[in-house]
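See below for the structure under consideration.
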Amino acid sequence: MTIQKYAVNQYSVQALLTWVQTGAIAIPEIQRPFVWSATQVRDLIDSLYTGYPVGYLIAWKNPHVRLKDGSISEGKRILIDGQQRVTALMSALLGMSVINKDYRKVNITIAFNPIEQRFEVTNPAIRKDKQWLPNITDVLSPDVKMLRLVKEYCEQNEGTDQDEIYESIELLRGIVNNHIGLIELDSDLDIEAVTEIFIRINSKGTVLSQADFVMSKIAANDVYGGNLLRKCIDYFCHLAIAPEFYEQIKESDTEFANTDYFSKMSWLRKENDDLYDPPSYTDMLRVAFMSEFQRAKLGDLVALLSGGRNFETREYEETIAEQSFRTLEKGIMRFMNETDFKRFLMIIRSAGFIETSMIRSRNALNVAYTLYLTMRNQNECANDIESCVRRWFVMSLLTGHYSGSAESTMNFDIKQINECGAKAYLRDLEEAELSDAFWDAGLPQAMNTSVATSPYFYAYLAAQVHANDKGFLSKDITVHDLITHRGDIHHLFPRSYLKKHDLTKGKYNQIANYVMMQSEINIAVGDQAPKDYFTQILEQCVAGQAAYGGITSLNEMKANFAAHCIPEGIETMDVSDYEDFLYMRRRLIADKIRHYYQNI
């Protein structure tokens with residue numbers, strides 16, 4: 001027999017708003033400020049007024065928690081779907097301000113025309129028009145005197161019928177008695193089940209991540225400062241994008257501005273580094289959880305913040321929740337630490353990854369930061385930390401280490417790092433995944449791709465940055481300069497040349513055909529065959545007259561060719577040699593990446 005894990009009930013608008021006001025139901029912002037437009041709020045009120053359905057809300061019950069005195073604390077409901085609708089109702093009906101997508105407090109005021117029974121967003125013209133009641137919040141106030149309101153309205157609008165106006169306004173006041181469906185999910189449902197139910201019920205099929213549920217649990221807890229912790233995570237992520245947001249927090253949220261959280265993140269007000277692109281609340285939670293709890297599955301964090309579960313008593317316990325909040329807070333504070341954050345990014349940059357576009361795996365970045373924090377906590381020497389973090393990060397990208405069951409892989413890695421030590425475990429991974437077979441065959445084969453965002457191509461560019469290589473045919477401009485200033489990715493066998501010989505996009509856009517070069521050199525090459533323009537390049541070293549770039553020394557030119565993994569004999573190649581060229585260059589690039597990896 002199937003046991004139903006949820007209940008579907010109808011509650012009045014008034015009951016739902018009362019629950020929100022008293023804290024019986026929590027509305028976690030889950031990194032989602034109020035994004036509805038004022039006209040959407042108007043339409044919601046109009047739907048209630050006309051008796052139309054406005055969809056279901058979905059709430060997840062927090063588990064009952066055993067308190068220190070042995071009593072049971074009944075868990076509050078957490079709203080996981082319907083935040084925008086409930087916030088709209090609170091704003092329009094109760095007059096509460098909301099935080100908009102720009103993180104500013106605003107009021108959304110809805111006006112009502114009793115004659116036409118129509119709603120509009122209040123504006124200066126409506127405020128001057130006597131046919132409109134400019135703010136329905138005033139009409140819904142329990143202190144309003146209906147007879148006086150109707151009388152004054154009719155006196156200002158000659159020819160109106162008092163009974164009709166009374167009926168219109170009374171119908172407006174009655175919308176708080178309209179019912180909205182609430183699907184209440186049991187507390188013992190796991191995240192996967194809750195997510196599946198949410199997707200099946202929600203008409204938009206929006207996917208909620210496990211980090212969303214963690215944020216829900218954090219925001220719903222007002223005993224251990226969950227709301228402030230949620231704000232901390234939210235504000236840090238936004239400050240990383242918009243440093244100017246600092247002054248706004250300082251002015252509009254004085255309570256938070258007086259916390260240690262705000263002090264800890266204050267360095268962001270002068271920071272413009274976007275290598276982390278910027279951190280999301282998922283990144284912060286994952287790194288904090290991995291570094292402090294030595295686990296990676298965010299579903300476990302949801303359980304711990306709920307009070308864990310004592311499998312002997314089969315009850316959730318307050319002490320587990322309390323300790324989990326304290327430990328998570330410590331992890332978040334460490335994530336935000338200016339010194340650690342900047343040193344970590346410095347290490348990633350020192351590996352040649354200087355632009356966020358070069359980092360194709362956020363999981364690789366998060367685990368690398370976790371590794372850095374873990375080794376720092378274990379008092380490892382600075383040189384070992386830098387070398388280990390660099391190699392771990394590059395290894396993760398080259399092998400697609402987190403491309404499969406990422407969370408399970410991260411969970412296993414974190415346990416091994418803490419049990420075996422980072423250096424020993426990394427050596428084991430390198431032996432298993434970066435053998436000679438990988439460098440000699442696996443990596444060259446993997447580079448048989450036309451995907452320009454391939455991690456192998458970015459690892460190659462990182463190797464060039466690390467070696468301080470000059471751009472292709474450039475005398476002074478480095479690959480670093482070309483990446484940061486948006487230089488051209490050029491085809492060694494020009495694209496237009498290969499297209500004229502009927503090669504497809506998947507063929508002429510092979511990453512082994514790419515090279516970083518200045519745009520003016522790219523233009524000069526045009527659509528010539530390599531045998532034509534490479535012959536001219538070599539001739540300019542003899543004549544001393546530069547036609548392509550600024551190099552006129554043969555030794556310098558050969559060094560430039562080597563830095564860009566140009567196969568020998570390219571000055572004799574045409575379209576018939578293209579496949580051989582790709583094969584040779586893939587192997588040369590793999591050799592360069594191997595040398596780079598072994599020396600970072």
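Heavy atoms only: backbone and side chains are in, while hydrogens, waters and symmetry mates are out. Throughout, residue positions are numbered sequentially from 1 according to the sequence presented. In this text, all values refer to a predicted model and were calculated from it rather than measured experimentally.
For the salt bridge (charged side-chain N to carboxylate O under 4.0 Å, His left out) condition, the pairs that include at least one residue of residues 551-567, sequence neighbours left out, are Lys475-Glu556. Residue pairs meeting the salt bridge (charged side-chain N to carboxylate O under 4.0 Å, His left out) criterion with at least one member in residues 591-600, sequence neighbours excluded: Asp436-Arg594, Asp440-Arg594, Asp469-Lys592. Pairs passing the ring-ring contact (aromatic ring centres under 6.0 Å, His included) check and including a residue from residues 399-418, sequence neighbours excluded, do not occur. Among residue pairs with one or both ends in residues 549-572, those qualifying as ring-ring contact (aromatic ring centres under 6.0 Å, His included) are Phe472-His564, Phe534-Phe561; sequence neighbours excluded. Sorted by first then second residue, the side-chain hydrogen bond (donor to acceptor under 3.5 Å, both in side chains) pairs that include residues 241-250, not counting sequence neighbours, are Arg104-Gln248.
With sequence neighbours excluded, the residues forming a side chain to side chain contact (heavy atoms under 4.5 Å, CB included) with Gln445 are Ala441, listed by chain and number. Partners of Arg360 by side chain to side chain contact (heavy atoms under 4.5 Å, CB included), not counting sequence neighbours, listed by chain and number: Thr453, Tyr458. Applying the side chain to side chain contact (heavy atoms under 4.5 Å, CB included) rule to Lys505 yields the partners Tyr508, Asn509; only residues at least two apart in sequence or on another chain are considered. In terms of the side chain to side chain contact (heavy atoms under 4.5 Å, CB included) criterion, residue partners of Ser576 (sequence neighbours excluded) are, by chain and number, Asp574. Judged as a ring-ring contact (aromatic ring centres under 6.0 Å, His included), and not counting sequence neighbours, Tyr533 has no contacts.
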Could you pull out all donor-acceptor pairs under 3.5 Å where a side-chain atom in residues 414-426 meets a protein atom, sequence neighbours excluded?
residue	atom	partner	partner atom	Å
Asn418	ND2	Ile414	O	2.8
Lys423	NZ	Asp384	OD2	3.1
Tyr425	OH	Asp413	OD1	2.6

Considering only distance and modelled atom types, tabulate donor-acceptor pairs under 3.5 Å from the side chains of residues 520-528, sequence neighbours left out.
residue	atom	partner	partner atom	Å
Glu520	OE2	Gln518	NE2	2.6
Asn522	OD1	His490	ND1	2.7
Asn522	ND2	Asp488	OD2	3.3
Asp527	OD2	Lys500	NZ	3.4
Gln528	OE1	Gln536	NE2	3.0
Gln528	NE2	Val525	O	3.1
Gln528	NE2	Tyr548	OH	2.9

